[in-house]
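I have placed the structure first, in the form of structure tokens, so that the comments after it can refer back to it.
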Number of protein chains: 2
Amino acid sequence: MSSEQLAELAGVNAAKVRKDLSYLGTYGTRGVGYVVGELVDEIANELGLTHDWPVVIVGLGNLGHALANYRGFGARGFRIVALVDTDGSKVGRPLGELTIESLDELDVIVAQREVAIGVIAVPAPAAQEVADRLVAAGVGSILNFAPTVVTVPDHVTLRKVDLATELQILSFYQQHRTPSPV
Amino acid sequence: MSSEQLAELAGVNAAKVRKDLSYLGTYGTRGVGYVVGELVDEIANELGLTHDWPVVIVGLGNLGHALANYRGFGARGFRIVALVDTDGSKVGRPLGELTIESLDELDVIVAQREVAIGVIAVPAPAAQEVADRLVAAGVGSILNFAPTVVTVPDHVTLRKVDLATELQILSFYQQHRTPSPV
DNA sequence: CTCTGTGAAATTTTTCACAGCG
DNA sequence: CGCTGTGAAAAATTTCACAGAG
């Protein structure tokens, strides 16, 4: 497949595709293009998709359940190894292959199962507390779904997914009738 | 509040804050700083948060439920006006203030309630079909949570939230021990 | 010939640094 | 004075355009 075709599919400039791919090394063949399978392998390799990343989900309301049931984490190297909630009535309840555990067990869970990533799916008021506990337990990366600002030490990577923000971006484009970006 | 303080809170350079805010007009006072309330109003105004945007959620599995129950859409001007599912056994079931309706009613729902934004929360295989129906019904913007590529005509704005991608970005940083961005 | 890989140019974004207002 | 608003400089990103490999 040529950089032109890849660019078309990705909605970007062909030169950009070539420049970006060139950072991986020389995987194209002049006059021919790229072998898609090779590219996929090399990109997976470069992005670290060869690792297996144990994940803990904190908070099992609707969103937590949705995440716990989400197909496709496995295919990308993420293994959900624990489900944690503060709600005593939820603790002990089975969910898929796992059983909901108490937030108080977090330290042990993270240490024993070598959890690398924590997902916060609790209500906003509890998010900072959960983040602090995750950090204290030794988690290196946090994905926060709670609609609130959470702060963590520098050595911890934090990302936030804010559903209302996504809608806001959409409505902004709609309002301005700007041609759709990515 | 000074641009310095705002920059600190946002984790960016103070000059950038001033430059960005200057595009809104002249809302700061030299020697003093910005009046936060004024800024909030002006930004809300510029971003179109004064509108009210009717939203339809398609697919009421765990994720759809989570979205339907999500607090904070209202505060940002998004009003969920319809919940739609293909599953006959779900149709008619009440959820919050709304009742789940059939996908077949989509055209009427969108037209009558002036729906501007559609949220796709169905399994991946059904996503394209739902997107097509939303477009046909006249929705101008779509937020897709299904982990699959969906294509829409140019005049429709599409955004995608892919949970696995978010985790991938996290694990990439973790692997490279790069200082946390954003 | 075709299509990559890549210097160089163009463009965009970010930062600097300072005149000048309150 | 202190802090904004903003030209100008610096840095980063994207695109061009073409030598050269297959």
Side-chain angles (χ1 to χ4, degrees), chain A residues 1-48 149 154 157-160 162 165-166 168-170 172-173 175-182, chain B residues 1-48 149 154 157-160 162 165-166 168-170 172-173 175-182:
Chain A
M1 183 173 285
S2 69
S3 59
E4 193 87 46
Q5 291 171 285
L6 290 168
E8 167 76 16
L9 291 169
V12 301
N13 184 294
K16 184 165 208 317
V17 169
R18 294 201 297 279
K19 182 72 104 178
D20 286 359
L21 291 179
S22 76
Y23 291 117
L24 300 176
T26 297
Y27 290 94
T29 306
R30 296 179 182 214
V32 179
Y34 299 89
V35 177
V36 173
E38 272 178 25
L39 267 193
V40 169
D41 286 353
E42 181 51 28
I43 292 172
N45 200 54
E46 193 69 25
L47 294 182
V149 172
D154 274 356
T157 304
L158 175 75
R159 281 184 71 82
K160 186 185 170 186
D162 185 330
T165 298
E166 296 293 333
Q168 252 175 39
I169 295 170
L170 274 183
F172 179 81
Y173 286 121
Q175 186 172 220
H176 291 261
R177 297 255 173 273
T178 305
S180 172
V182 176
Chain B
M1 184 174 284
S2 70
S3 60
E4 193 87 46
Q5 291 171 285
L6 290 168
E8 166 75 17
L9 291 170
V12 301
N13 183 294
K16 182 163 209 317
V17 169
R18 293 201 298 279
K19 183 73 103 180
D20 286 0
L21 291 180
S22 75
Y23 292 118
L24 300 176
T26 297
Y27 291 95
T29 307
R30 295 180 184 215
V32 179
Y34 299 87
V35 176
V36 174
E38 271 177 27
L39 268 193
V40 169
D41 287 353
E42 183 49 30
I43 292 171
N45 200 53
E46 194 69 26
L47 294 182
V149 172
D154 273 357
T157 305
L158 176 75
R159 279 184 72 82
K160 185 183 171 185
D162 186 331
T165 298
E166 295 294 333
Q168 250 174 41
I169 294 171
L170 273 182
F172 179 81
Y173 285 121
Q175 186 172 222
H176 291 261
R177 298 255 173 271
T178 305
S180 173
V182 178

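Per chain, numbering begins at 1; letters A, B, ... match sequence-line order. The figures that follow rest on heavy atoms only: side chains count, while hydrogens, waters and symmetry mates do not.
- Checked by atom type and distance alone, the side chain of A/Gln175 never pairs as donor or acceptor with a backbone atom of A/Phe172 at under 3.5 Å.
- In this structure, A/Leu6 places its CG atom 12 Å from C1' of C/dT4, rounding to the nearest Å.
- In this structure, the nucleotide among C/dG5, D/dC16, D/dT4 sitting nearest to the side chain of B/Ser2 is D/dT4.
- Environment of CD in A/Glu4: sparse, with no more than 12 heavy atoms of neighbouring residues, nucleotides or ligands closer than 6.0 Å.
- Between C/dT14, C/dA8, D/dT6, one nucleotide has an atom nearer to the side chain of B/Ser22 than all others, and that is D/dT6.
- Annotation: side-chain hydrogen bond (donor to acceptor under 3.5 Å, both in side chains) contacts involving residues 7-19 of chain A, sequence neighbours excluded, comprise A/Ser3-A/Arg18, A/Lys16-A/Asp20.
- At a non-hydrogen distance threshold of 4.0 Å, nothing from residues 34-42 of chain B comes into contact with DNA chain C.
- Taking atom OH on B/Tyr27 and atom P on D/dG5, their separation rounds to 11 Å, with Å as the unit.
- Using a 4.5 Å heavy-atom threshold, the side chains of A/Met1 and A/Leu9 count as touching.
- Atom P of nucleotide D/dA9 and atom CG of B/Asn13 are separated by 18 Å, given to the nearest angstrom.
- Among the heavy atoms of the strands, none lies under 4.0 Å from A/Tyr23.
- Under 4.0 angstrom from either OP1 or OP2 of D/dT14 there lies at least one side-chain N or O belonging to A/Lys16.
- Closest to the side chain of B/Lys19, out of D/dG7, D/dT15, C/dG20, is D/dG7.
- Mapping A/Asp20 and B/Gly28 onto DNA chain D by nearest heavy atom places B/Gly28 at the nucleotide closer to the 5' end.
- Proximity note for A/Thr29 (side chain, C-beta onward) versus D/dT15, D/dA17, D/dG22: the nearest is D/dG22.
- Of the N and O atoms on the side chains of A/Glu42 and A/Tyr27, at least one donor lies less than 3.5 Å from an acceptor on the other residue.
- Residues B/Ile169 and A/Arg159 come closest through the heavy atom pair CG2-NH1, 3.4 Å.
- Residue-to-nucleotide proximity on DNA chain C shows that, of A/Gly31 and A/Ala15, the 5′-proximal contact is made by A/Gly31.
- Rounded to an integer number of Å, the gap from CZ of A/Arg18 to P of D/dT14 is 15 Å.
- Distance, B/Leu21 CG to C/dT15 P: 15 Å, rounded to whole Å.
- Between the CZ atom of A/Arg30 and the P atom of C/dT4 there is a distance of 10 Å, given to the nearest Å.
- Taking atom CD of A/Glu4 as the reference point, atom C1' of D/dC16 lies 13 Å away to the nearest angstrom.
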